[in-house]
Amino acid sequence: MGNKHVNAIVVGAGAGGGIVAKELSLTGLSVVLFERGGWATYDDTDTDELRSQRTTVLGNGYGPDDLHYKRVVVNNDGSTTIVLPSEGSYNNIAACVGSGTVSYGAMAWRFMQEDFKLKTTYGSIEGSTLEDWPLTYEDLESCYEKAEWEIGVAGDATQNPFGAPRKKPYPMPPFSHNREAKLMVDAAKRLGYHPFPIPMLRNSIPYHGRPACIRMRTCCGFACPVNAKCGTHNTVIPIAIGSGNCELRINSVVSEILVNDQGKITGVTYFDEKNNKQNQTADLVVISASATETARLLLNSKSKFFPKGIGNENDWVGRNLQGHAYTGAYGIFEEEVYDDFGPGASVAISDFNHHNPGIMGGGVLCNEFIRMPYLFTGVRPPGAARWGKEHKTFQRLNFKRVAQAVGPYQEIPKFESRVEVDPTVKDFRGIPVVRLSGSRHEKDIEGCRFMSEKAELWLKEAGAVHTWQSVGGGKGLSGGQHQAGTCRMGNDPQTSVTDKYGRIHAVPNLFVADGSLNVNNGGFNPVLTIMALGFRVGGYIAGEWLKGNRFK
Amino acid sequence: MKLTRRRFIALSVLAAGGTCLLNRCANPALSPWRFITVGESNLLDALVEQIIPTDEWPGARDAGVTNFIDNQLAGVYSRYQETYRRGLRVIQETCTTKFQKRFEEFSFEEQTQFLKILEAGKMDGLQWGNGFDRHFFHLIRDHSMQGFYGSPRHGGNRNNVSYKMMKLDYPVIIGQNRYNLKSDGK
């Protein structure tokens, strides 16, 4: 039985793909939205820390599962290790409808103007593929605004003097601070910094028919029990389906992009929920499968027209993989600073995001999301016991007295950090798996040290009696849930994979719409930028379609 | 009398109880565990109790951490089955060869010293080669922490003991925990 031909296929119902599906289906295109996972609900994982998205030791509550997926990691000495999704080095991103937007902490950052022109701002850096984006912040501003209003963001941009200029405020007022954040707001002001409420993709008031946040302890890493967290699963995807033009096909894994005997893209091959191989044809295909899986799909789509994989003529697909180097400091306070008022993170400073002496970029610094008990077992000052009675006593006495200031340092892109497909290892369905290799740029650690020093100062001023730094940016591979960069946008087809609308160079009807496009990843959590890119790519295709362009 | 299924099970339980009194459940068919043996469970009890000892609050043994590990070894941690089987055996062999005692028979402080050597990767003997000592120690440490501090749904953290110790109300009654009824709610 064949599938009916549609106008558009979107691969991946996450932050980018959900938005593209909605933009296209409301424009009148018939759409099939593929998602390798299913619908994740609160009850599946509940408040179970060991299966949460932050601590996946007993499996990923939000997918993917250890049975059907694996990856190969190339170690520093050249040897390889096969890793499962529940292991950190897999660099997992959630596999469910909404993907990471179901269980994320939901920080809603716009990148800064400088983030779109790092090369102009900082010049070339040795060993880095640092480059300007083919678009400016101003080009993306209206898309950021759409993301904020259609998905839903609570915040107050007027309190952040370093934020990029904007036309409209956030649709919802900011969240109130918990005890720890109040101490840190006051301390930041005393230090001359500019604290402000973190913009959040979470309802501070009822919005779009869903209720306001109830301040759960288990928020970051978990689904929301009252649906107050705003993701694509409870906003744009239901709208897309409701249009009557979009079919969501869950538990369906796309394995290859179909190319006909003239070298044209005609659709995709996928494994349906019973693991039967099927074809779906379409006029155009948009891949939004995450920086690792989008690259894998392009590289697995080899044919006589694309012998190295689609878009990979110049060996740029899968290159420049980056995540974030999380860096900061911890402080122990004499009094309890924990008042069980979730999700924890609410105050930020963006004073050290750019124009810091001697380092490239920087990043935002925030107080941290609540660390659940098992995660907290790893939070210890240097030299403290890692097990035994002393460790247990620390856990009991200090769980409610420790605060953390931490942020994502913007990593320096490296050509050698990459996604390939492994020549031999295949997953459950027989699809060649992702092979990860490379390491961070050696200068990343300098930026991390700088930010950690500032974080420690901030905690001391807030009253911490004992502080220590946790410096990120070590030599390891970076990807994780902030994974980005593997199908870089650019004007020059020699040094990029897509054009400034996310279209694969020289392929008229194949687009990318996820973090793969990011030329660099900002000193921020990247999700709002991925959503904005979804609106940009989806909006471009929709606009062209209405003009009669069929991308042939 | 006809031997019904129900009656058969009742008899089996009786038999198991009787056997246990006599020879400590040496018969694997009657073991309460999913993967580990009764002998291994005694050793594992002692090991996890070292990681999270009893103080004014219950330790890992009473919190059911051995049960947690056994649960996982029969499930999502089945990939660690061989490591546990080998590691537990080699610990016991090291103890009995060098000191003619089982690990559980050492004093608590002696056990701590043994684990510190294991953690430091300074065990003698080929069986501990290639960093197996450190590797096995970290596995037991991590799994103990998970069993003690993770959700009780996985077989550890009995009676929410770690949450109580850390003064975290649990289970979270959605929304309700936000309101302190004794004060003005601030």
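To find a chain, count down the sequence lines: A is the first, B the second, and so on, and within it residues start at 1. This is a predicted model, so every value here is computed, not measured.
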| query | For A:K475, does the NZ atom sit with more than 12 other heavy atoms under 6.0 Å from it, leaving out its own atoms? | reply | no

Bottom line for A:D48: the part with an atom under 4.5 Å from chain B's heavy atoms is both

Applying a strict 4.5 Å limit to non-hydrogen atoms, the region of B:F108 in contact with chain A is neither

Residue from B:R153, B:E56, B:E119 scoring the most non-hydrogen pairs under 4.5 Å with chain A is B:R153

The interface call for A:K400 against chain B, heavy-atom contacts under 4.5 Å, is side chain

Under 4.5 Å to a heavy atom of chain B? For A:L375 that would be neither

Next on the checklist: Would you say that more than 12 heavy atoms from the other residues, nucleotides or ligands in this model lie under 6.0 Å from the NZ of B:K122, or not?
Outcome noted: no

Heavy atoms of B:P53 and A:G388 approach each other most closely as CD-C, 3.5 Å

Minimal heavy-atom distance between B:M145 and A:W387, with the atoms involved, is CE-CA, 4.1 Å

Any side-chain to backbone donor/acceptor pair from A:K389 onto B:D55? Under 3.5 Å, distance only. no

If one checks every heavy atom of B:K116 against chain A at 4.5 Å, the contacting part turns out to be both

So, the part of A:E390 with a heavy atom under 4.5 Å from chain B: the answer is neither

task: Starting from the C-alpha separation in whole Å, work towards a yes-or-no answer on side chain to side chain contact (heavy atoms under 4.5 Å, CB included) for A:R217 and B:L168.
output: CA-CA 10 Å; A:R217 175 196 312 156; B:L168 282 169; 3.7 Å; yes

The interface call for B:Q72 against chain A, heavy-atom contacts under 4.5 Å, is side chain

Closest heavy-atom pair, A:P373 versus B:Y163, reported as atoms and distance to 0.1 Å, is CG-CE2, 3.5 Å

Honestly, the part of A:R51 sitting under 4.5 Å from a heavy atom of chain B is side chain

Show your reasoning for whether side chain to side chain contact (heavy atoms under 4.5 Å, CB included) applies to B:F68 and A:L58.
-> CA-CA 11 Å; B:F68 166 86; A:L58 295 188; 4.0 Å; yes

Are the side chains of A:V57 and B:Y77 in contact, using a 4.5 Å heavy-atom criterion? yes

| Pairing of B:K167 and A:D340 as salt bridge, 4.0 angstrom limit | no

Stepwise side chain to side chain contact (heavy atoms under 4.5 Å, CB included) test for B:R141 and A:R386:
CA-CA 9 Å; B:R141 189 198 63 180; A:R386 296 282 156 170; 3.5 Å; yes

If one checks every heavy atom of B:D142 against chain A at 4.5 Å, the contacting part turns out to be both

*Stepwise, does the side chain to side chain contact (heavy atoms under 4.5 Å, CB included) test hold for A:T55 with B:Q146?*
CA-CA 10 Å; A:T55 320; B:Q146 291 163 17; over 6 Å; no

dist B:M166:CE -> A:N398:CG (nearest 0.5 Å) comes out at 10.0 Å

Within 6.0 angstrom of B:Q100 CD, more than 12 heavy atoms from elsewhere: yes

Honestly, the part of B:E49 sitting under 4.5 Å from a heavy atom of chain A is neither

Cut-off 4.5 Å, heavy atoms of chain A, and the answer for B:H143 is neither

If one checks every heavy atom of A:L50 against chain B at 4.5 Å, the contacting part turns out to be side chain

Under 4.5 Å to a heavy atom of chain B? For A:S86 that would be side chain

When the 4.5 angstrom heavy-atom criterion is applied to B:T54 and chain A, the contacting part is backbone

In this structure, OG of B:S151 is separated from OH of A:Y374 (nearest 0.5 Å) by 14.5 Å

Quick one: does B:I52's side chain get under 4.5 Å of A:H391's, heavy atoms only?
no

Item to complete: Would you mind reporting whether A:K392 and B:I51 have side-chain heavy atoms less than 4.5 Å apart?
Response: no

task = Compare all side-chain heavy atoms of B:Y149 with those of A:F376 and state whether any distance is below 4.5 angstrom.
result = no

